[in-house]
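Notes to accompany the following structure.
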Amino acid sequence: MNQETLDIVWIIIAGILVFFMQAGFAFLETGMVRSKNSVNVLMKNYVDMCFGATIFWALGFGIMFGYNPSGWIGTDLFFLSTATSYTYSFLFFQMMFAATVATILSGALAERIRYVAYIICAMVVSAIIYPIYGSWVWGSLSAESSGWLKNVGFIDFAGSTVVHSVGGWAALAGVIVLGPRLGRFTKIRNEDDKKKSARYIAGHNLPLLGLGAFILWLGFFGFNGGSTLAATATIGKIALNTHLAGCGGVIGAIITLAVQSKPKLVSYGVNGGLGGLVAICASADVILPGFALLTGFIAGIIVVLSIHFLESFGLDDAVGAVAVHGFAGVWGTLVVALFNPEDYFNFNQLLIQLAGIGVAFIWTFPSSWIIFSLVNKLYPLRVNTLDEQRGLDYSEHYEIGYPEFQHELLHPGKE
Amino acid sequence: MSKKSPPKAMVIGWKIIGHILLKAGIPEVTVKQLAPIWVKIYQEDRCFNPNNIAARFSVAMENQLISETKLRKKLFLAKTKYGYLLETDQFIDENPEIRVFNALMAYILIRLKEMTNISHIQEDLVTSKISHLDLSANSFIEIEQWRINLIDTPPEENIIELEHKDIKIFLHCIYTWICEEIGPMSTDELFADAIRTVEAMPEASRCHPKSFL
C-alpha cells in the first residue's frame, strides 16, 4: 500500500469516527432534555447532518477550500463531481466537520425551537458562516492561494476555533434570539430582585447522556487524529494528547464543583471532559502530553464557570454547548501560543491567536444573529407555549419517545 | 349517572373518613366515637361535603388531633378520587366536563399551596396573561369572579364554568403561570399528578382530563 492510499484510508477511518460523533451528540443531547422533547432532539441531529452534508457538498466546500486568490472566500469546487481520490476523501472528512458545527446549535437551542426553522438555520451555518471563516484559516486546497488569517500566522490545527467556537458563537446568537425555555429562570417581581436565578431542568435519561459522552470522546480521536490529513507518525501523540485533555477536563470540572461546594452533576463532568477535548483540538499535534492534561484541566474549569456566567445573564443554553464549544475553544486556541514546546509563551503568536479568536466572534456572532432574526421574522423560530407544554415530540413530529411512560401529560389526539 | 342508595353512600363515606383519620394517627377508639357525627352530617347534607365534615370533626376533636385545614384537604382529595363511590346529590346533574375541570383545578391549586404557599391567583396574572387570551366575554367575567372568590373560598368549593374551548386556553394559561412560579419540571409533575387523580372520577370516562391539555 503506497503512502497516498494509506493517507486516504486513514482520512476515511477518521471521517467515519467523526461521523459517529453525530450519534454521540444525539444521545448526549437527548439524555439532557425532558422526555417530551427526546424525539425532536434526535431528529434534529439526524436531519441536520443530512441537510448540512448536502449543502456543504454543494456550496460550503467550494467556499472553504476552493481557489482563494483574495484570501477571503473560495471560488471553485462547488458541487464537486470530478476530483482526485484524495480530494474525495478530504471532502468526506470535511463534510463531517461541517455537520459537527450544525449539531452544536441543536443542543443549545433544544426544547423550544421549531424543527423546520432549526433546519434552515443549521443549513445557513453549514453552508455559509462556517465555510467563510474556515476559508480564512484553512483555505484553500490549491497551493497557489491561502486564507488571510492563515497568511497572518493564525494556527488552529483541528478546529478549536474554526469548528467549535464558530459553532458556539452561532449557538449563542440563537440562544439570545430564541429566549429561555418556559420557567427556566425565576421572575423578577420587584426592584429588590436584581437578578433572575436559574432553575435546573434535569435531563430525562442520564445513562444516555453518559453513552453519548463516551461516543463523542471516541469520535475526537478521529477529529483530531484525522486532521493530520495523512497517515503520519504524529497520530500517536495526537491521540494521547486528545485523551489526556479529555481526562483533564473532567478532573478540572469535578474539582471546580467540589471547590464551589456544588453537587458533582454528571452533566458538568461530561461537559468538562468535552471542554478538554475541544480545547486540545488547536494544538494536539504540537504540545507535550503534560500540557495537554493541563489544557484540558483548565478547560474543565472554564466550562463550569462559563455555564454559570451565561446563566447569570438569563441565557438558556440547554446543554452547555456555548460553554463547551465557544469558551473552551477560545482557551484551546490560545494554548497554541502558550505551550508550544519549541517556543513557550510566544507573545507575538498570542496576539495573532487573539486576533483570530476575535475575528471568529466578530464574524460569527453578528452574522448568525442576523440570520436567526431574519428567519424569525419570516418563519417564527420559537414554538408557542402550548407546544412547549405538550412537548416538541408531539407538536413537531406527532410521535413520542416513550409511549408507555408518557401517559399523563400526553394530549389525546392531534387537532 | 345512576344514583346509589344513601345508606350505601353513607357507609362508604364513613369508610373513607375512618381510613383518613386512622392514617393520621388518631386512635381507633376516638374514630369510632366520631361515627355518630358523620351519620348526622350525612342526614343533614345528603352528600360528602369535605368542608362541613372537617369543621364538625375538628370541633369534636377540639382541633388537637388533626387540624381542620389538613383534614379538609385530605377529605377533598379522597372525594376527588372516590367520588363515584359516594354518589352524592351535589353536582349530580352538572356537566361532567365542568366537574372534571373543577376537580383538576382544585387539585392543582391545593397542591400548589402546599408546595409554594401561593393560595390564590394574583391580579397580575389577569393583567399580564388572562386579559390577552382569546376568551368569550362570559368566560372572562367567570374567571375573574373565580379568581376573586379564591381569596376566601377553598379551591374545592370555588366552581368555575367555562366553554370547552376556553377551558383549554385557560388551563394552558395556568400552566405557563405555574411554570414561571415553580419551574417547568415541578409543573409537569403537578399536572401529571392532578390528571392521574382526577381520571379516577367516573365523569372522566365521559370527559377525560387529558382532553383539556
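Chain letters run A, B, ... following the sequence lines, proteins first, then strands; residues in each count from 1. Values below: every heavy atom of this structure, side chains too, minus hydrogens, waters and symmetry copies.
- The interface of residues 198-207 of chain A with chain B, defined by heavy-atom distances below 4.5 Å, comprises A:Arg199, A:Tyr200, A:Ile201, A:Ala202.
- Around NE2 of B:His19, the count of heavy atoms belonging to other residues, nucleotides or ligands within 6.0 Å does not exceed 12.
- At a 4.5 Å heavy-atom cutoff, the contact between B:Ile182 and chain A is made by backbone atoms alone.
- Remark: A:Tyr379 OH is packed, more than 12 non-hydrogen atoms of other residues, nucleotides or ligands lying under 6.0 Å away.
- Annotation: B:Glu28, atom CD; neighbour count of heavy atoms from other residues, nucleotides and ligands within 6.0 Å does not exceed 12.
- Counting non-hydrogen atoms of neighbouring residues, nucleotides and ligands closer than 6.0 angstrom, the NZ atom of B:Lys15 reaches no more than 12 such neighbours.
- Distance check, rounded to the nearest 0.5 Å: SG of B:Cys179 to CD of A:Glu388 gives 7.5 Å.
- With rounding to the nearest 0.5 angstrom, the NE2 atom of B:His172 is 6.5 Å from the CG atom of A:Asn384.
- The neighbour count for B:Lys74 NZ, taken as heavy atoms of other residues, nucleotides or ligands under 6.0 Å away, does not exceed 12.
- Taking each heavy atom of B:Leu213 and A:Arg390 in turn, the nearest pair found is O-NH2, 2.9 Å.
- Open room surrounds NZ on B:Lys70; 12 or fewer heavy atoms of other groups in view lie less than 6.0 Å from it.
- Side-chain atoms of B:Thr176 and A:Gln389, non-hydrogen and from C-beta on, never get closer than 4.5 Å to each other.
- For residues 200-214 of chain A, no pair satisfies salt bridge (Lys or Arg N to Asp or Glu O under 4.0 Å), with sequence neighbours left out.
- Proximity of B:Asp188 to A:Lys36: side-chain heavy atoms (C-beta onward) are separated by under 4.5 Å at one or more points.
- The shortest non-hydrogen separation linking B:Pro184 to A:Leu182 is CG-O, 3.4 Å.
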